[in-house]
Amino acid sequence: MLEQLDITNYVLISHLSISFSSGLSVLSGETGAGKSVILSAIALILGEKAKADVVRRGESEAHINAVFSYGEKDAGLRAFLEREDLTGEDDTIIISRTIRAGGRSVNRVNSRIVTRETLSALGAYLIDISSQAAHQGLLKNDVQRVLLDRFSDVHAELEAYEKAFRAYQAAESELNELKEKSERARRDYDYFSFCLEELDKADLKEGEDDVLGAELKRISLSEALTEEVSASYSILKGDIGEGALTLLSHALSSLNRASSRDPGLDELARRLESCEIEAEDIAASLRDYLSSLTFSERELEEKNARMSLLQRMKKKYGPSLSDAIKKREEFREALLAVDNADELLSEKEKQLAKCASELERCASALTEKRRKGASRLEEKTISILKKLSMQSAELSVMLEKIPYCQHGQDKVEFLIRANKGEKRGAIRDVASGGELSRILLALKAALSEEDETGTLIFDEVDSGIGGAVATAVGEEISALSKSHQVLVITHSAQIAARADVHFLVSKREEGERTFSEVRKIDGEGRIKEIARLLSGKTSDSALVHARELLEV
């Protein structure tokens with residue numbers, strides 16, 4: 001239930017605070033006084049997109065705050081709040097929107113910033129607005145389907161169907177993708193076979209090109225390397241005179257003899273011995289390296305030929321050797337897929353058939369639930385339409401079978417015969433504006449027992465009606481207010497007279513500015529407003545009629 005609405009710096013409203021109660025609340029006032037402004041502010045609280053021009057001229061931002069309460073019966077709302085981690089204290093929801101002059105807005109629920117999409121999803125649990133736009137929306141098949149589904153309580157069946165529909169779409173997509181892939185592979189089979197044979201024959205190995213490149217570089221430098229390394233080896237081994245190793249050996253012998261006389265030289269002797277051993281090891285390594293620099297012409301040709309092959313494979317399947325190796329496995333998998341295509345396609349077709357069977361079962365269950373709900377909705381709506389002075393009206397809910405779509409296999413069409421002797425047709429074709437208002441009200445009333453939404457708002461539901469019909473509409477709205485909080489924006493005295501609480505929306509000018517205001521009226525103030533709604537002025541006869549309406 002909406003308990004409090006505060007609006008600041010919004011269009012013509014400088015500051016406004018309204019406390020609402022249960023039952024039926026009415027807002028009335030002259031055309032242009034600001035009733036639609038209040039309704040649009042409530043729509044913003046429910047997640048409607050904000051425009052920059054709603055900020056009052058001269059102000060930097062507008063603020064709208066609303067306080068809602070909910071109870072144990074609001075299971076869907078409670079589950080949503082818990083799922084979104086928006087639960088507040090004492091079963092209260094505080095929603096605020098700040099709209100800046102630049103057009104950006106900040107949305108909060110129980111002090112947490114939320115997206116407009118989350119706000120819109122939450123709003124669907126809180127308030128149901130029936131306006132002129134809703135009347136026109138009633139002409140659309142999708143809106144009629146949603147109304148029927150709410151009345152028929154098809155939540156479980158629709159959820160099962162949507163799951164089956166997604167599974168069917170996924171299976172169908174996988175099958176089509178496999179068919180396309182198999183067809184491409186069949187067309188390229190010979191080419192893939194040639195490529196795989198070529199790559200297998202090349203026997204590529206990761207990093208082989210780097211290793212081979214290093215070897216060829218060393219070969220190209222072998223002459224210079226041989227000369228320098230041989231010189232170093234000769235100096236160590238003494239191929240020219242006494243070598244460094246011989247001299248180290250002589251030096252070590254002399255130092256050992258000296259250390260026998262002076263033990264303080266033992267450490268130096270050990271260090272020199274280590275140098276001799278290290279030098280001998282280096283000489284041996286140089287000898288082995290010189291041996292590795294010996295290449296035959298044949299070996300060089302083979303290495304160059306291998307490098308040419310690797311470069312060709314990289315150019316054709318690369319750019320890197322790793323890419324070429326990966327390509328080899330892709331060709332192998334593609335050929336294997338062709339070889340196994342029939343088996344894989346058969347499996348996917350079986351999977352699709354299974355999904356189609358489940359989809360058909362879920363669609364049938366959904367349709368059956370809708371048909372049962374349609375029958376009850378027809379009966380209940382016709383009963384309410386009779387109370388709304390449409391005694392001869394007949395409503396039929398038709399379900400036409402269509403291809404599978406996101407919402408089932410049914411196109412829902414509300415057909416109406418508004419008057420006896422007239423043809424039955426789609427609401428958009430045969431209902432007048434006043435009849436459309438009453439049909440929407442009748443549907444809302446029929447849905448009231450199944451609807452979890454605690455607050456219903458009717459914006460000018462009296463459009464196109466008057467007299468006894470307006471009285472009947474007022475009675476039905478009053479009946480709705482026994483189970484829901486109902487807010488009505490009206491120009492009808494018969495409807496306004498039914499209110500538990502009456503608010504008067506007015507406009508005043510102060511200096512160069514215009515202000516919209518709202519105040520609760522009762523007693524004589526309310527009598528005068530009812531009289532104005534009756535005749536446009538507060539004449540004596542209008543005042544008498546107003547008192548009579550309020551006493552009914």
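Source: prediction; values computed, not measured.
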Under the side chain to side chain donor-acceptor pair (under 3.5 Å) criterion, do Ser249 and Thr246 qualify, and how do the steps go? CA-CA 5 Å; Ser249 179; Thr246 301; over 6 Å; no

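- Side-chain contact of Thr115 with Thr118: a donor-acceptor pair under 3.5 Å is present, judged by distance alone.
- For the pair Ile64/Leu5, a side-chain contact is recorded, criterion being any heavy-atom separation below 4.5 Å from C-beta on.
- Between Arg56 atom CZ and Ile99 atom CD1 the span is 15.0 Å, to the nearest 0.5 Å.
- A donor atom on one side chain and an acceptor atom on the other are not found under 3.5 Å apart for Thr98 and Glu61.
- Contact detail for Tyr161 and Gln409: the closest heavy-atom pair is OH-N, 4.5 Å.
- In this structure, His155 places its NE2 atom where only 12 or fewer heavy-atom neighbours from other residues, nucleotides or ligands lie under 6.0 Å away.
- Checking side-chain atoms of Asp74 against main-chain N and O of Tyr70 turns up no donor-acceptor pair under 3.5 Å.
- Using a cut-off of 4.0 Å between Lys/Arg side-chain N and Asp/Glu carboxylate O, Arg332 and Asp200 are scored as salt-bridged.
- A salt bridge is defined here as a Lys NZ or Arg NE, NH1 or NH2 lying under 4.0 Å from an Asp or Glu carboxylate O, and Arg78 with Asp91 meets this definition.
- Counting heavy atoms of neighbouring residues, nucleotides and ligands inside a 6.0 Å radius, atom CZ of Arg271 does not exceed 12 of them.
- Here the side chains of Leu321 and Asp210 are not in contact, with every heavy-atom distance at 4.5 Å or above.
- Here the closest heavy-atom approach between residue Phe20 and residue Leu2 is recorded as CB-O, 3.3 Å.
- Between Glu413 and Glu400, the closest side-chain pair of non-hydrogen atoms is not below 4.5 Å.
- Side-chain contact between Met313 and Leu204 is present, with at least one heavy-atom pair separated by less than 4.5 Å.
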Under the criterion side-chain contact (heavy atoms from CB on, under 4.5 Å), I'd like the reasoning laid out for Arg270 against Asp266: C-alpha separation, chi angles, the key distance, then a yes or no. CA-CA 6 Å; Arg270 283 193 296 273; Asp266 286 347; 3.8 Å; yes

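- There is a side-chain donor-acceptor pair under 3.5 Å between Asp323 and Ser320.
- Looking at Asp6, its side chain never comes within 3.5 Å of a backbone N or O of Ser17 through a donor-acceptor pair.
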Stepwise, does the side-chain contact (heavy atoms from CB on, under 4.5 Å) test hold for Val412 with Val397? CA-CA 7 Å; Val412 177; Val397 181; 4.0 Å; yes

Before you tell me yes or no, could you show the steps for Arg166 and Gln406 under side-chain contact (heavy atoms from CB on, under 4.5 Å), namely the whole-Å CA-CA distance, both residues' side-chain angles and the distance that decides it to 0.1 Å? CA-CA 8 Å; Arg166 288 192 298 270; Gln406 185 178 356; over 6 Å; no

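- Side-chain contact between Val146 and Phe151 is absent, with no heavy atoms from C-beta onward closer than 4.5 Å.
- Of the inter-residue distances, the one linking Ile113 atom CD1 with Asn107 atom CG reads 9.0 Å to the nearest 0.5 angstrom.
- Within the 4.5 Å cutoff, the side chain of Asp128 has no heavy atoms near those of the Thr455 side chain.
- Within 6.0 Å of CZ in Arg513 there are more than 12 heavy atoms belonging to other residues, nucleotides or ligands.
- No donor-acceptor pair under 3.5 Å is formed between the side chain of Asn141 and the backbone N or O of Lys411.
- The nearest pair of heavy atoms linking Asp85 to Arg112 is O-NH1, 2.7 Å.
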Does Glu157 form a side-chain contact (heavy atoms from CB on, under 4.5 Å) with Arg370? I'd like the steps, not just the answer. CA-CA 10 Å; Glu157 288 78 9; Arg370 282 172 173 162; over 6 Å; no

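- When the shell of 6.0 Å around CD of Glu177 is examined, it contains 12 or fewer heavy atoms from other residues, nucleotides or ligands.
- The CD atom of Glu302 sits 11.5 Å away from the CZ atom of Arg306 when rounded to the nearest 0.5 Å.
- Counting heavy atoms from C-beta on, the side chains of Leu286 and Asp288 never come closer than 4.5 Å.
- Annotation for Leu248 and Ala279: closest pair CD1-CB, 3.9 Å, computed over non-hydrogen atoms.
- Heavy atoms from other residues, nucleotides or ligands lying under 6.0 Å from NZ of Lys316 number more than 12.
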Go through it in stages, so that I can follow the logic: the residues are Ser19 and Glu3, the test is side chain to side chain donor-acceptor pair (under 3.5 Å), and I'd like the CA-CA distance, side-chain angles, deciding distance and then a yes or no. CA-CA 6 Å; Ser19 296; Glu3 294 190 346; over 6 Å; no

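- Between Phe165 and Tyr404, the distance from one ring center to the other does not fall under 6.0 angstrom.
- Atom CD of Glu197 has 12 or fewer heavy atoms from other residues, nucleotides or ligands within 6.0 Å.
- Atom CD1 in Ile127 sits 4.5 Å away from atom CG in Leu46 (nearest 0.5 Å).
- With hydrogens and angles ignored, the 3.5 Å screen pairs no side-chain donor or acceptor of Ser120 with any backbone N or O of Arg116.
- A donor-acceptor contact shorter than 3.5 Å links the side chain of Ser260 to the backbone of Arg257.
- Side-chain atoms of Gln144 come within 3.5 Å of backbone atoms of Phe414 as a donor-acceptor pair (strictly under, hydrogens ignored).
- Ser308 contributes a side-chain N or O that, together with a main-chain N or O of Asn304, makes up a donor-acceptor pair within less than 3.5 Å.
- In this structure, CD1 in Ile277 is found 9.0 Å from CG in Leu252, a value given to the nearest 0.5 Å.
- Pairing each heavy atom of Ser40 with each of Tyr10, the nearest pair is OG-OH, 2.8 Å.
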Check against side chain to side chain donor-acceptor pair (under 3.5 Å), Ser105 and Arg97: CA-CA 7 Å; Ser105 65; Arg97 288 197 76 172; 3.1 Å; yes

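- Classification of Asp203 and Lys201 as a salt-bridged pair fails, no side-chain N sitting under 4.0 Å from a carboxylate O.
- Side-chain contact between Arg328 and Leu196: present, with at least one pair of heavy atoms (C-beta onward) separated by less than 4.5 Å.
- The pair Glu358-Arg361 meets the salt-bridge criterion, since a charged nitrogen lies less than 4.0 angstrom from a carboxylate oxygen.
- Ring planes of Phe331 and Tyr191: perpendicular class, angle over 60° (limits at 30 and 60°).
- Annotation for Glu89: atom CD does not count as buried by contact number, only 12 or fewer foreign heavy atoms lying within 6.0 Å.
- A donor-acceptor contact shorter than 3.5 Å is absent between the side chain of Ser357 and the backbone of Lys354.
- In this structure, Asp90 contributes its side chain and Thr92 its backbone to no donor-acceptor pair below 3.5 Å.
- Across all their heavy atoms, Ile325 and Glu206 have their closest contact at CD1-N, 3.6 Å.
- A donor-acceptor pair is defined here as one N or O able to donate and one able to accept, closer than 3.5 Å; no such pair exists between the side chain of Lys314 and the backbone of Ala324.
- How far NZ of Lys348 is from OG of Ser173: 10.0 Å, rounded to the nearest 0.5 Å.
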